[in-house]
Amino acid sequence: MNADPYAWIEKSLDTVRRADWYRSPQSIESCPGPAVKLAGRRLINFASNDYLGLAGDGRLIQAAVAATKEFGTGATGSRLVGGHRDLHRQLEVALANLKQTEDALVFSSGYLANLGAIASVVGKRDLILSDKYNHSSLKNGAALSGATGLEYSHCNLEDLTAKLEQNRHRYRKCLIISDSVFSMDGDLCPLPQLLSLAEKFNCMVLVDEAHATGVFGASGGGCAEHFGCTGLPLIQVGTLSKALGSLGGYVAGSAALIDFLRNRAASWIYTTGLTPADTAAALEAVRIVQQEPERRVRLHQNIETFKSGAIADRQLPISNSLSPIFSLPLKDAATALRVASKLKEMGIFAVAIRPPTVSASRIRISLMATHDLAHLQQLVEALAQVLSCQ
Ligand SMILES: Cc1ncc(COP(=O)(O)O)c(C=O)c1O
């Protein structure tokens, strides 16, 4: 037996390459913003989740620098074992205020927040119903929990109802989980209807507001606020890394839920607390989200401008969306890679998204409040040109 037990890795990579699924990061050489430098060239940036343009905002940078100078670079321990700072609590209070919930708990990433919340609230004798298009962190949270997991068709209330009717009575607790804004398609889950079904079938609901917080709702509270669902029994998860321009995640909900998670969520208990810099930057971002609604207004104006240019005027086959996330569906992974590379030649940075992230390859386009009209026009022109050569 002298076979190499690691030889499968190269073989696996070959399979990935042959399918055009091979991935590698592209390095951005400038501050985040509506235009970025990539391989020495300035490109208009449609590949960022920094929807409000806060990741490069001077006030967030200043807050991060000040917190680093005062508290150092690392939290030095888990929150329960020496890693807690008053800044963490200030951020949790601010997030609970933004989400209009009793309390909130800050995790080291949105991914960890989903793993921790889902795996804590359900277990072996329970049922999870999950939208087919949910983010990986929700799916892996469901797997980690040990609960029986069933997927319902994307945003399909009939399918969800049928699955509840057939299965709910066989389990102790039941949790319905869904992205509120779907990360790759940009559409919104039917939150009010999910909540009524949950009430009817005695289920909990966990909604991932990663792409909605700061973007939807009059004060940036996300889809819960947008749909008038604030105050209803609901577990809200989110990230500090998208519209809030920092890093980290959170769960917002009732005081009892948050207290329970502080005692049970392994991905919160057994990991180092968020850095002072990330915490202070996010705290400043929450303040800006609430005090500068004009950023959100500008973002939604950009969404309308892009839709009227690309979809209404030019009839481009772009998904219609209420959110800043759009997709250009393409026939396969190789085409998606080719289109992304042509767009780059034309000065547009938008990324090809391929399986296994999504089942159908596409270009994902995300808009920012800080894009101006010329940026959007250049995007529409480039898309029209690229598609005319397909
Ligand atoms: C819907 C959704 N949930 C959770 C996450 C994870 O958040 P984080 O980047 O903070 O880990 C992401 C993306 O990163 C996401 O798109």
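The figures here come from the full heavy-atom set of this structure, side chains too, leaving out hydrogens, waters and symmetry mates. Whatever order the structure lists them in is the order used to number ligands and atoms, beginning at 1.
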Would you mind telling me which of Ser241, Ser136, Ser137, Ser267 makes a side-chain hydrogen bond (donor to acceptor under 3.5 Å, both in side chains) with Tyr111?
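Testing each of Ser241, Ser136, Ser137, Ser267 against Tyr111, the sole residue satisfying side-chain hydrogen bond (donor to acceptor under 3.5 Å, both in side chains) is Ser136.
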
Below 4.0 Å from ligand 1: does a non-hydrogen atom of Gly238 turn up there or not?
no

If we only consider heavy atoms of Ser137, is any one of them less than 4.0 Å away from an atom in ligand 1?
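Distance cut 4.0 Å: Ser137 passes for ligand 1.
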
[X] heavy atoms, cut-off 4.0 Å: which ligand 1 atoms fall inside?
X	value
Ala210	1 (C), 2 (C), 3 (N), 15 (C)
Thr239	7 (O), 8 (P), 10 (O)
Asp208	1 (C), 2 (C), 3 (N), 4 (C)
His211	1 (C), 15 (C), 16 (O)
Gly248	10 (O)
Ser241	8 (P), 9 (O), 10 (O)
Tyr111	6 (C), 7 (O), 8 (P), 11 (O)

N-O pairing of Glu345 and Lys342 below 4.0 Å:
no

SB check Lys163 Asp159 (cutoff 4.0 Å):
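So Lys163 pairs with Asp159 through a salt bridge.
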
What protein heavy atom is closest to [atom], reported as residue, atom name and distance in Å?
atom	answer
atom 13 (C) of ligand 1	Lys242 NZ, 2.8 Å
atom 8 (P) of ligand 1	Gly110 N, 3.4 Å
atom 5 (C) of ligand 1	His135 CE1, 3.4 Å

Please examine the side chains of His211 and Asp179, heavy atoms only from C-beta on, and report whether any two atoms are closer than 4.5 Å.
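Side-chain contact under 4.5 Å: no.
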
Can you find a heavy atom in the side chain of His226 that is under 4.5 Å from one in the side chain of Ser180?
no

Determine the interplanar angle of the His154 and Tyr133 rings, folded into 0 to 90°, and report it as parallel if under 30°, tilted if 30 to 60°, perpendicular if over 60°.
parallel

Before we go on, tell me: are the rings of His300 and Tyr51 under 6.0 Å apart, centre to centre?
no

Check each of Val121, Leu234, Asp103, Leu105 against Leu257 using the side-chain contact (heavy atoms from CB on, under 4.5 Å) test, and report the only one that passes.
Val121

